[in-house]
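Proteins get letters first, then strands, A, B, ... in listed order; numbering begins at 1 in each.
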Number of protein chains: 2
Amino acid sequence: MSSGSDQQDIKREKILDAAYQRFLHYGYSKTTMNEIASDLSLSKALLYYYFPDKSQLYIAVMRKLAGEYIDNLQNKLNKFENLKEAYVSQIDIKHDFIVKNYNFFDFFRVNEQNLPETIWEIITEIHQTEMVLLSAAIKTEVEKGNIKPVNDPGEIVDLLLDALHGVSVSAVSHKKVMFPKKEHLDEIHTKRLLLLDIFIKGLMY
Amino acid sequence: MSSGSDQQDIKREKILDAAYQRFLHYGYSKTTMNEIASDLSLSKALLYYYFPDKSQLYIAVMRKLAGEYIDNLQNKLNKFENLKEAYVSQIDIKHDFIVKNYNFFDFFRVNEQNLPETIWEIITEIHQTEMVLLSAAIKTEVEKGNIKPVNDPGEIVDLLLDALHGVSVSAVSHKKVMFPKKEHLDEIHTKRLLLLDIFIKGLMY
DNA sequence: TTACTGACTATTTAAACAAAATTATCAAAA
DNA sequence: TTTTGATAATTTTGTTTAAATAGTCAGTAA
């Protein structure tokens with residue numbers, strides 16, 4: 001798939017790492033290509049040899065993170081005891097992902113409405129993976145006879161993901177925010193587990 | 001409570017109506033005080049005789065709408081057959097409220113992050129009313145023995161409202177939006193009813 | 001030929017300013 | 001007490017300029 005040499009791939013990775021650190025620490029708009037370059041003792045021009053522009057570099061980092069997240073999810077959700085456990089894993093893994101990379105997503109808060117199309121593709125890819133894995137979990141449980149038959153598992157999973165997401169947007173108490181404040185993440189996590197508990201009971205006989 | 005004369009109150013109402021029409025049609029930033037005044041064939045200065053400034057006028061309209069919404073809710077939720085019916089009413093009434101006044105809330109989309117404190121107070125008041133009514137409904141049902149005992153009804157209602165709200169924010173499919181597009185409102189409404197269904201089953205024995 | 005750089009250009013952001021539109025005030029009239 | 005025309009104050013919009021940063025390219029080194 002990738003057409004570059006091994007050497008090229010290694011350097012590419014190094015650039016991605018350096019860029020990740022900067023973006024994580026200072027956010028997108030507060031890191032310059034010059035800074036990334038000098039972190040690596042390279043010229044800025046070289047960054048443009050490896051990446052077409054700044055946003056593509058950011059997106060490449062994003063894509064890498066997304067890949068790791070997806071791998072993580074797949075590993076966990078391949079083997080689960082019951083539906084509850086599977087969904088708790090999903091919530092936990094996502095929580096850790098957000099907490100760990102919180103400042104990296106600064107880009108999302110700044111660009112709010114008009115994120116580049118490519119970012120949406122990555123988000124969509126993540127969402128689809130979640131849908132597939134969680135839908136499969138439902139099907140398995142239905143076959144085991146642990147929950148009521150469901151005619152469209154995808155619809156249910158979609159609904160649950162929206163509901164879980166809603167917990168972080170809470171329109172009233174902490175003033176409406178698109179992206180949750182860091183100090184609320186744990187509270188959100190707890191609420192989600194409670195919501196999940198009720199929701200799953202609602203799926204049972 | 002109100003200290004003005006009847007005549008004053010009538011004129012105040014007329015101004016509120018005219019302002020409401022303008023705000024509903026053109027949104028906050030696209031209606032000028034001059035336009036509201038000339039709709040009523042009055043001088044702009046008179047508006048400032050009745051209202052301290054433009055935002056206070058908008059807020060007064062908002063408060064009136066909120067009052068109507070709350071009355072509506074209370075009338076319905078005072079008499080309900082079962083929990084499901086009560087919550088369906090809540091969702092329906094809110095849906096109608098949003099649909100009817102959709103463009104009026106343009107102000108919310110524009111000011112997004114920093115809405116004036118007074119607006120938040122109104123939102124909070126609405127939320128609290130919902131909480132009280134819906135919590136009461138839960139208590140009643142628990143007493144009737146229709147659902148499992150709940151140690152903190154408020155927590156459950158809060159969670160449900162957040163979850164229902166999440167349905168309208170759906171982070172993926174239609175690009176993340178703070179405020180739902182008008183053409184999605186019906187789809188959102190349907191999803192909410194489905195979510196409610198599962199959630200309420202999750203509260204039962 | 002591939003990886004790299006210094007010096008250059010192009011674009012974006014920010015600050016400062018002016019003009020226009022709109023909000024808000026007030027002395028005086030009805 | 002209610003209303004207004006004239007006027008002041010403020011906000012928004014557009015323009016210009018300077019600085020910062022993104023992005024390019026001809027040419028060098030391995």
Between [X] ([atom1]) and [N] ([atom2]), how many Å, whole number?
X      : N       : atom1 : atom2 : answer
L57(A) : dG23(D) : CG    : P     : 10 Å
L46(A) : dA29(D) : CG    : P     : 17 Å
Q56(A) : dG23(D) : CD    : C1'   : 14 Å

Students often get this wrong, so: under 4.0 angstrom with heavy atoms, is Y50(A) touching a base, only sugar-phosphate, or nothing?
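Counting heavy atoms under 4.0 Å across all strands, the contact made by Y50(A) is with sugar-phosphate only.
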ring-ring contact (aromatic ring centres under 6.0 Å, His included) partner of F107(A), the single match among Y28(A), Y102(A), Y26(A), F23(A):
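Exactly one candidate clears the test, Y28(A).
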Please list residues of residues 10-38 of chain B whose heavy atoms come under 4.0 Å from any atom in DNA chain C, ordered by number; otherwise none.
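Residues of residues 10-38 of chain B under 4.0 Å from DNA chain C: T31(B), T32(B), M33(B).
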For dA3(C), does either OP1 or OP2 sit under 4.0 Å from a side-chain N or O belonging to Y49(A)?
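Yes, Y49(A) has a side-chain N/O under 4.0 Å of OP1/OP2 on dA3(C).
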Under 4.0 angstrom between Q8(A) side-chain N/O and dA3(C) OP1 or OP2:
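Yes, such a contact exists.
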Consider salt bridge (charged side-chain N to carboxylate O under 4.0 Å, His left out). Of K11(B), K64(B), R12(B), which one does D17(B) pass it with?
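Running salt bridge (charged side-chain N to carboxylate O under 4.0 Å, His left out) over K11(B), K64(B), R12(B) with D17(B) returns exactly one hit, K64(B).
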Scan nucleotides 12-14 of chain C against the protein and return all N/O pairs shorter than 3.5 Å with their distances rounded to 0.1 Å.
none

From the set dA22(D), dT4(D), dA3(C), return the single nucleotide nearest to any side-chain atom of K44(A).
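Of the options given, the side chain of K44(A) lies nearest dA22(D).
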By nearest nucleotide on DNA chain C, pick out whichever of Y48(B) and A45(B) is the more 5' one.
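With Y48(B) and A45(B) compared, the 5'-side residue is Y48(B).
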